[in-house]
Amino acid sequence: MLSRTAENLFWMARYMERAEATARLITMGQRMAILPGAHHRDEWRSVVRATGTGHQFPEGRIVSESDAVSYLMLDLDNPSSIRSCLLKARANGKSARTMLTQDMWESLNDGWRKLDSYDVGEARQQLPALIDWVKTRVMTFRGAAHSGQLRNEGHDFLRTGSALERAQMTLRLLDVKYYVLLPETEVVGGNRDHYQWTSVLYALSGARAYHHVYGGTYTPWQITDFLVLNRLFPRSVAYCYDQIAYRLNRLAGWHNARAACHDTARELVAAMESIDSGEIFRRGLHETVQNGLAMTNRLGFEIAEAYHFG
Amino acid sequence: MPFHEMFEPDGSIRPCYDEVQQWVERTGIAGLNRRLDEAEAIFRRIGITFAVYGEGGDPERLIPFDLLPRIFTAQEWRVLDRGIRQRARALNAFLHDVYHRGEIVKAGIMPADIIYRNSAYLAEMADFTPPGKVYSHIVGIDIVRTGPGSFEVLEDNCRTPSGVSYMLENREIMTRMFPELFEQGLVAPVDDYPAELLKSLKEVAPPACKGDPVVVVLTPGALNSAYYEHSFLADLMGVELVEPADLFVDEDRVWMKTTLGPKAVDVIYRRIDDEYIDPLVFRPDSLLGVPGIFNVYRSGGVTLASAPGAGIADDKAVYIYVPEMIRFYLGEKPILDNIQTWQCGKPDELAYVLEHLPELVAKEVHGSGGYGMLIGPKSTREEIAAYADRIKANPSEFIAQPTLDLSTVPTLGPAAVVGRHADFRPYCLVGKQIRLVPGGLTRVALTEGSLVVNSSQGGGVKDTWVMQD
């Protein structure tokens, strides 16, 4: 396979995953913003930060819902906005057109300029419908890849990309929760803390699954355990690392060659196996998350290097 | 009255259109128009678009599609088929000759200037013979019809004729939406075109090729107006669609960059112009192109399809001589006629053109896509005078042809079936053998009376049927 094609598939999957994650984040933001007193706590700032790109909002001014929707959904200058992600995913898909099934292409191509016609006022008015639209686009795309794409190396690059992006998003959400949402004066385990933790679960579509695994109780350790270490939940960091390692292993098999990225992936999987949530909190959630993000980034670079991305 | 493809002069239906006529009556015009909307929605969703630059609006436009097929009888097709193959052979023979001994010039049939002073002539190709002596591997020949038995060639396209994806997609959508029309099996299938194309390309593998030739399609990239077609063809042939940056030259071979490391490429179906192929040989300022590829080509390490310099054969000034080429190289009588053409570079013909400009169609020799032409009868006196000045300033850059009574094909209007002018482009494949699928692209001018069928100027497309006996 052409290196450029592999790179396009990898990034196409990342952008689609990111578009969906950003849509979920906006939903989470709305949920948090309806809490009493939310306005003074600048909840939307934390949401914007979770995308890893929101640092340019000047301090000292509350980030409004309007700011956040504009920035996260429509802004073409924000590389992580939903509109940017969908356009870039389509451009990647177009360049790798021959590796896509007809259904995959149609899922990228259908309504690809829809968000061009919205201003922030209309987007806020129709927010639930737009969020649903984005999620449906991404799930259709994923379903098309799942049900129709050849299980060749192209599929492995696609799945590696989406797993990598997912791991990063889950890590960032945890970081926002730990670092931003909970002011130092607040009590861990208090009402707001509880609500914020469940918001994170909702943002990851994990609330129901969490109940099945842990029953009805919410504790920060259990939620962290679920989001970081649970190997059955497909958005957990550990699950994503397993998936990356599995996919990279397949790629090593196709190519009969291993590279640094394969070792890093194995390390990440091993690290997840060797700790529990108690240890994460002893070490510090923030430190664990920062380390995870750095390692995941490094892995991304190593994959690009191993497969000669441009 | 121009010849109508569907009706006899007395208003009765030509037999080959019986089935279509019944279908139109059964479905009704309103019903057909509803189906047309569905068809366009499918085209849009699939992404069959072409890019139009610098006009604002939708950067990826649909080519209007017309539901009513254009039909050739089996007998008509036999003539076309033979005529097209004959022309493709003569054009390739001509290309070999101009880059070698130039017999046609020595024989006094063509003036040397037309060839050797032409910007499409590439001195770099002199004395080199591409694999199989094939220069133009896909010859697109634009044909018009002016009467029951008269097909005439409007233009030859020897470089990278486009539009074949529409031939295939138009058929695909017609069979999907109206399967009943194809149930009797009277329409000859065209869907083996990609397989035939791949066979033809493999047949011209270079001497350095070992084993099964590796074929790729080379595109300038996703922003190119014909990108959809490039990816479509690569897809249907099951070969890589590469961009120039995916290729590099090393040790007399061309390689593509893959996840497994470099892989040698044997045959490149390039959809990129001569001057952008190799910045070391042609345009040094080109960011496209693969440095060194031309040397590899000349040393037998790779095949380029079409060959650089093949454009000399589809130049409008050279076109005039194609019937002579057929007699000269093949010793045969031309099966398809040229349209009468005056060369403004010849003083007596120039005088005639200037005198009759209001009745003629005048074209720039190097123009394409319907740009830069004058349609005398549709132009104002001022436009004609201004064009005449341009011709006088540089006569050899212009040709003129009579305004043809182009045949009209049945086309779906909002309230009735109407007649619109059309042309036809079949795609002739040249490898060790010559291959031609029964069909091609029918382009139709959607405005009443208009003779301009180019997609860049609002023309549409329709399915083309060749009926089997």
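Proteins get letters first, then strands, A, B, ... in listed order; numbering begins at 1 in each. A quick note: this is a predicted structure, and the numbers were derived from the prediction, not measured.
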Student: Does Ser3(A) reach the main-chain N or O of Thr258(B) with its side chain, forming a donor-acceptor pair under 3.5 Å?
Tutor: yes
Student: Quick one: what part of Glu106(A) sits under 4.5 Å from any heavy atom of chain B, side chain, backbone, both or neither?
Tutor: both
Student: Decide yes or no for Arg97(A) and Tyr227(B): does some side-chain heavy atom of the first lie under 4.5 Å from some side-chain heavy atom of the second?
Tutor: yes
Student: Within a radius of less than 6.0 Å around CD of Glu251(B), do more than 12 heavy atoms belonging to other residues, nucleotides or ligands occur?
Tutor: no
Student: State the OG1-CG distance between Thr259(B) and Leu2(A), to the nearest 0.5 angstrom.
Tutor: 8.5 Å
Student: Would you check if the side chain of Asn109(A) reaches a backbone N or O of Arg44(B) as a donor-acceptor pair within less than 3.5 Å?
Tutor: yes
Student: At under 4.5 Å between heavy atoms, what parts of residues 302-310 of chain A are in contact with chain B? List them by residue number.
Tutor: Tyr307(A), His308(A)
Student: Counting neighbours of CG on Asp119(A) that are heavy atoms of other residues, nucleotides or ligands and sit closer than 6.0 Å, is the number greater than 12?
Tutor: yes
Student: Identify the two heavy atoms, one from Asp235(B) and one from Thr98(A), that lie closest to each other, and give their separation to 0.1 Å.
Tutor: OD1-O, 3.3 Å
Student: If you check every heavy atom in residues 137-158 of chain A against those of chain B, which residues fall under 4.5 Å?
Tutor: Glu153(A), Phe157(A)
Student: With a 4.5 Å heavy-atom cut-off, do Glu243(B) and Arg4(A) have their side chains touching?
Tutor: yes
Student: Give a yes or no on this: more than 12 heavy atoms of other residues, nucleotides or ligands lie within 6.0 Å of atom CZ of Arg34(B).
Tutor: no
Student: If you draw a 6.0 Å radius around CZ in Phe182(B), do more than 12 non-hydrogen atoms from other residues or ligands fall strictly inside?
Tutor: yes
Student: Most heavy-atom pairs under 4.5 angstrom with chain B, which of Arg90(A), Glu7(A), Met99(A)?
Tutor: Arg90(A)
Student: Below 4.5 Å, heavy-atom pairs only: which of Val239(B), Asp246(B), Thr219(B) has the largest tally toward chain A?
Tutor: Asp246(B)
Student: Does any heavy atom of chain A fall under 4.5 Å from the side chain of Phe232(B), the backbone, both, or neither of them?
Tutor: neither
Student: How about NZ on Lys88(A), more than 12 heavy atoms from neighbouring residues, nucleotides or ligands closer than 6.0 Å, or not?
Tutor: yes
